[in-house]
Amino acid sequence: MFIPTVPTPEEVLDKSFSRAKKAANKVRSSKIPRYQKSKQTEEARIKTACQVTQETFNSILEKVPKISTLNMFYQDYIDVVVGVDQFKKSLGALKWAVDIIAKFENQYVFKIRRSSPVDASKVRKEAFGRLSSVVYRIEDELNFLDFAKQKLRNMPTIDFKATTAVIAGFPNVGKSTLLRQLTTAEPKVADYPFTTTGIQIGHLEHKWAHFQFIDTPGLLDRPVQDMNEIELNAMVALEHLANLVFYIFDASETSGYPLESQLNLYHEIKHVFKTPVQCIFNKMDLVEDQEHVNKYIEQVENPLMLSASQGTGVPEIIAKMEEFDNESKKSS
């Protein structure tokens with residue numbers, strides 16, 4: 001999501017007062033009667049300072065997309081990462097500032113024109129004081145928008161026309177490794193829980209079909225209200241993006257999560273989301289107790305076997321994606 005550079009109150013006022021000074025110098029150098037210059041100079045400073053401040057805030061308001069027009073995935077993503085209500089409140093504060101400054105401009109230009117040349121400077125100082133007060137009044141909102149800019153600058157770009165599979169499961173079960181095998185994506189991972197800290201996307205062109213694979217941060221088997229921001233991002237992806245879910249089991253349990261817990265999460269996802277789920281048992285090359293694993297394989301429907309680190313089983317996953325895409329096109 002694009003958010004332009006958000007200035008601090010000091011930067012806003014420095015820019016506005018600097019432009020106002022240049023506008024005043026231009027009036028001073030013009031060929032108008034001396035007795036009119038003082039009032040016109042101060043009027044130019046007020047108008048310029050107010051207009052530059054309004055333009056600065058309006059530029060932000062115009063460039064930030066309206067949240068209500070975004071796809072629901074993006075709306076929920078923003079809500080998880082920074083909070084939609086606070087985001088709207090901060091943008092509303094900028095709009096309030098623009099409106100109130102426009103009123104100040106008219107009010108103080110009128111005052112200047114009715115004042116004597118001697119009092120014009122006092123009126124301008126009063127106007128600048130109130131302008132500064134308004135800008136500093138929304139300092140918290142400017143700070144929040146700058147924070148949102150940093151947090152949302154890596155918001156994923158989604159192709160909503162592609163057939164999309166979301167790869168879900170516990171941390172360290174091999175989701176990112178599978179994404180690398182399926183596509184050219186290079187997710188950032190490491191050997192500790194929640195190694196994927198954001199939604200990673202990979203694309204595959206296969207037999208004139210466009211497939212999109214989304215690697216979600218690891219989910220844990222716990223209620224939504226107890227989930228952290230990383231887990232909530234995964235839930236957002238599952239809810240809004242998935243045409244198909246590839247649920248990954250770590251058959252070796254080397255991730256630190258027993259198969260029983262992984263099975264519980266699988267049933268939870270099946271219960272909450274109405275999206276088709278394809279189970280994949282990964283790390284089959286590391287399994288030491290095949291009989292133990294078989295007990296869980298028997299509890300799910302048509303699972304695929306995989307050793308993602310070696311690429312074993314990847315063609316079967318692509319074939320499953322192709323089969324699902326063909327069935328979806330027929331039914332539609």
Side-chain angles (χ1 to χ4, degrees), residues 1-30 38-70 74-75 77-112 120-155 157 198 229:
M1 179 178 183
F2 176 75
I3 299 177
T5 299
V6 181
T8 63
E10 291 80 6
E11 290 170 338
V12 174
L13 294 171
D14 284 349
K15 177 182 176 182
S16 299
F17 293 157
S18 176
R19 295 271 189 89
K21 185 176 180 180
K22 289 179 181 178
N25 290 337
K26 190 173 181 180
V27 174
R28 289 193 187 99
S29 63
S30 63
S38 60
K39 291 178 66 171
Q40 291 194 18
T41 297
E42 301 299 0
E43 180 179 329
R45 291 179 72 178
I46 292 171
K47 291 173 71 172
T48 302
C50 289
Q51 289 170 9
V52 169
T53 305
Q54 291 175 73
E55 289 168 5
T56 300
F57 293 154
N58 274 327
S59 177
I60 297 171
L61 292 169
E62 289 167 3
K63 290 177 181 177
V64 175
K66 287 184 171 57
I67 291 179
S68 60
T69 65
L70 299 176
Y74 287 127
Q75 293 188 41
Y77 186 95
I78 293 168
D79 199 25
V80 167
V81 176
V82 298
V84 164
D85 290 342
Q86 181 59 51
F87 195 81
K88 289 180 178 179
K89 177 178 177 290
S90 295
L91 292 175
L94 264 65
K95 181 64 170 64
W96 168 83
V98 167
D99 293 342
I100 201 73
I101 291 168
K103 292 179 181 178
F104 284 171
E105 180 187 346
N106 292 331
Q107 178 183 348
Y108 282 98
V109 165
F110 181 74
K111 274 190 175 184
I112 285 283
S121 177
K122 293 179 182 178
V123 175
R124 188 264 307 162
K125 288 179 181 178
E126 182 183 336
F128 276 16
R130 294 190 69 182
L131 175 62
S132 298
S133 177
V134 169
V135 174
Y136 276 106
R137 187 169 174 179
I138 63 168
E139 182 174 14
D140 288 347
E141 282 72 21
L142 291 172
N143 289 339
F144 174 82
L145 289 173
D146 184 60
F147 161 78
K149 174 182 173 65
Q150 306 308 318
K151 294 284 284 184
L152 296 174
R153 63 183 173 182
N154 294 322
M155 190 164 74
T157 301
E229 180 184 310

Identify the two heavy atoms, one from [X] and one from [Y], that lie closest to each other, and give their separation to 0.1 Å.
{"X": "Pro4", "Y": "Lys149", "answer": "O-CD, 3.6 Å"}
{"X": "Ala97", "Y": "Ile138", "answer": "CB-CD1, 3.9 Å"}
{"X": "Val135", "Y": "Leu142", "answer": "O-CD1, 4.5 Å"}
{"X": "Lys47", "Y": "Val109", "answer": "CG-CG2, 3.4 Å"}
{"X": "Ala24", "Y": "Thr41", "answer": "CB-CG2, 3.5 Å"}
{"X": "Lys15", "Y": "Thr56", "answer": "NZ-OG1, 3.6 Å"}

Could you check whether any side-chain N or O of [X] sits under 3.5 Å from a backbone N or O of [Y], counting only pairs where one atom can act as donor and the other as acceptor?
{"X": "Glu105", "Y": "Ile101", "result": "no"}
{"X": "Ser29", "Y": "Lys26", "result": "yes"}
{"X": "Thr53", "Y": "Ala49", "result": "yes"}

Which value, rounded to the nearest 0.5 Å, describes the distance between [X] atom [atom1] and [Y] atom [atom2]?
{"X": "Asp79", "Y": "Asp85", "atom1": "CG", "atom2": "CG", "answer": "6.5 Å"}
{"X": "Glu55", "Y": "Ile60", "atom1": "CD", "atom2": "CD1", "answer": "12.5 Å"}
{"X": "Phe128", "Y": "Ile46", "atom1": "CZ", "atom2": "CD1", "answer": "7.0 Å"}
{"X": "Ser68", "Y": "Gln75", "atom1": "OG", "atom2": "CD", "answer": "7.0 Å"}
{"X": "Glu42", "Y": "Lys125", "atom1": "CD", "atom2": "NZ", "answer": "8.5 Å"}
{"X": "Ser38", "Y": "Arg28", "atom1": "OG", "atom2": "CZ", "answer": "10.0 Å"}

Exercise for the section: Would you mind telling me which of Lys89, Lys88, Lys95 makes a salt bridge (Lys or Arg N to Asp or Glu O under 4.0 Å) with Glu141? Expected result: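 Looking at Lys89, Lys88, Lys95, the match for Glu141 under the salt bridge (Lys or Arg N to Asp or Glu O under 4.0 Å) is Lys89.
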
Practice task
Indicate the ring-plane relationship of Phe144 and Phe87, choosing parallel, tilted or perpendicular according to the 30° and 60° boundaries.
Solution key: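 Taking Phe87 first and then Phe144, their aromatic rings stand perpendicular (interplane angle over 60°).
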
Looking at side-chain heavy atoms only, is the closest gap between [X] and [Y] below 4.5 Å?
{"X": "Tyr77", "Y": "Leu152", "value": "yes"}
{"X": "Ile78", "Y": "Leu70", "value": "yes"}
{"X": "Phe104", "Y": "Ile100", "value": "yes"}
{"X": "Pro7", "Y": "Asp14", "value": "no"}

Practice task
Scan side-chain atoms only and decide if Ser90 and Gln86 contain a donor-acceptor pair under the 3.5 Å cut-off.
Solution key: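 Short answer, yes.
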
Handout entry: Evaluation steps, side-chain contact (heavy atoms from CB on, under 4.5 Å), between Leu145 and Val64
Key = CA-CA 10 Å; Leu145 289 173; Val64 175; over 6 Å; no

